[in-house]
Amino acid sequence: TEVVNSAAWNTRIRSTCVAFDGKLFMMGGQDGSVRYNDVWSSLNGATWNEVTGAAGWAARDLHTTIVYANSMFVMGGNNGNDLNDVWSSTDGATWGEVTATASWSARYNFASIVFDSKLFVMGGYSGGLGNLNDVWISTDGATWSEVTGGVGWSARSAHSSVVYDDSIYIMGGTISSNVWTLGFAPTGQPSGQPTGQPSGQPSGQPSGQPSGQPTGQPTGQPSGQPSGRPEALKPAKLAKSFKDTVVTAWCGGHAILLS
């Protein structure tokens, strides 16, 4: 159902949107030539109000926005240069700089998520380093600890992530259709190394639009993997906890994960 044909905010790509404090918030992005640092809110997705036309953070796209600790956090992205700053707000109008330079390298097209009461930053693209597969965690957005500098999944950007069944799922990105989990996968997943992982990564800078679609469905839990909620994450444990899962089914161009 189309909620509105032409929202009040300018046509744009690579913006971010979160639900917070009973409202939808949309912020940043670009229109093909101009980057934005405006913030808009809506109660129904149809009527939008500009919260601010110029947030404290620099205009950017390919950033992430996430809700954590009763605040919205804007992290990284690109404004002509790769960024690794972190900003937070409780209303979308007033923003405070949490850190100008987080410990993780400046990047865009990365994934961020909240899991185990922590902020996670995973992978992405850095102009100086190329595609990345590092994982960083923080409890406040200011101080970050690197969990692993090279997890099992290949370096990638423009991927997606979601929390499901007490696990973090990493899916697709940079011409791949594999799915990885952190934590305990659904019951019944086969053991062993899957055969569906790409053998290499394309060179060059991604455009922000993944060119491959995830195809498939994980089939359950690895043999011998305990059931239940994962223990509190520790760097050594996390580095060993990513399990590659071949995707074997797809629908409408999107991966489907079922318990």
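Index from 1, following the sequence. Please read these numbers as outputs of a predicted model, since none were measured by experiment.
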Just verifying a value: how many Å separate [X] [atom1] and [Y] [atom2], rounded to the nearest 0.5 Å?
{"X": "Thr47", "Y": "Trp40", "atom1": "OG1", "atom2": "CH2", "answer": "11.5 Å"}
{"X": "Ser15", "Y": "Phe25", "atom1": "OG", "atom2": "CZ", "answer": "14.5 Å"}
{"X": "Asp91", "Y": "Thr52", "atom1": "CG", "atom2": "OG1", "answer": "9.5 Å"}
{"X": "Asn49", "Y": "Lys23", "atom1": "CG", "atom2": "NZ", "answer": "9.5 Å"}
{"X": "Ser88", "Y": "Asp140", "atom1": "OG", "atom2": "CG", "answer": "10.0 Å"}
{"X": "Tyr68", "Y": "Asn70", "atom1": "OH", "atom2": "CG", "answer": "10.5 Å"}

Would you indicate whether the side-chain heavy atoms of [Y] and [X] approach each other to under 4.5 Å?
{"X": "Leu119", "Y": "Trp144", "value": "yes"}
{"X": "Arg107", "Y": "Asp134", "value": "yes"}
{"X": "Asp61", "Y": "Ile13", "value": "no"}
{"X": "Trp48", "Y": "Met26", "value": "yes"}
{"X": "His63", "Y": "Leu83", "value": "no"}

hydrophobic_cluster_shared for [Y] and [X], side chain cutoff 4.5 Å:
{"X": "Phe20", "Y": "Met27", "answer": "yes"}
{"X": "Trp87", "Y": "Ile66", "answer": "no"}
{"X": "Trp95", "Y": "Val67", "answer": "yes"}
{"X": "Ile168", "Y": "Trp180", "answer": "yes"}
{"X": "Met72", "Y": "Val86", "answer": "no"}

If you compare all heavy atoms of [X] against all heavy atoms of [Y], which two are closest, and at what distance to 0.1 Å?
{"X": "Asp116", "Y": "Lys118", "answer": "OD2-NZ, 2.7 Å"}
{"X": "Leu24", "Y": "Cys17", "answer": "CD2-SG, 4.5 Å"}
{"X": "Leu132", "Y": "Trp153", "answer": "O-CZ3, 3.9 Å"}
{"X": "Arg12", "Y": "Asn10", "answer": "NE-O, 3.1 Å"}
{"X": "His159", "Y": "Gly124", "answer": "CE1-N, 3.5 Å"}
{"X": "Ala55", "Y": "Val39", "answer": "CB-CG2, 4.2 Å"}

Any residue meeting side chain to side chain donor-acceptor pair (under 3.5 Å) with [X], in chain and number order, not counting sequence neighbours:
{"X": "Trp57", "result": "none"}
{"X": "Ser41", "result": "none"}
{"X": "Thr64", "result": "Ser112"}

Under 3.5 Å, is there a donor-acceptor pair between the side chain of Gln30 and the main chain of Gly32?
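Here the side-chain-to-backbone pair exists.
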Backbone N/O of Tyr169 and side chain of Ser167: donor-acceptor pair under 3.5 Å
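Here the side-chain-to-backbone pair does not exist.
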For Val34, what residues pass the side-chain contact (heavy atoms from CB on, under 4.5 Å) criterion, not counting sequence neighbours?
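Checked Val34 against side-chain contact (heavy atoms from CB on, under 4.5 Å); matches are Asp31, Tyr36.
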By side-chain contact (heavy atoms from CB on, under 4.5 Å), which residues pair with Ser161, not counting sequence neighbours?
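Checked Ser161 against side-chain contact (heavy atoms from CB on, under 4.5 Å); matches are Ala111, Ile113, Met122, Ile170.
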Asp82, Asn78, Thr16, Asp85 screened by side chain to side chain donor-acceptor pair (under 3.5 Å) with Arg60, the one that passes
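Of the listed residues Asp82, Asn78, Thr16, Asp85, the side chain to side chain donor-acceptor pair (under 3.5 Å) partner of Arg60 is Asp85.
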List in chain and number order the residues that pass ring-ring contact (aromatic ring centres under 6.0 Å, His included) with Phe110, two or more places apart in sequence or in another chain; answer none if no residue qualifies.
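Once residues adjacent in sequence are excluded, the partners of Phe110 under the ring-ring contact (aromatic ring centres under 6.0 Å, His included) criterion are Trp104.
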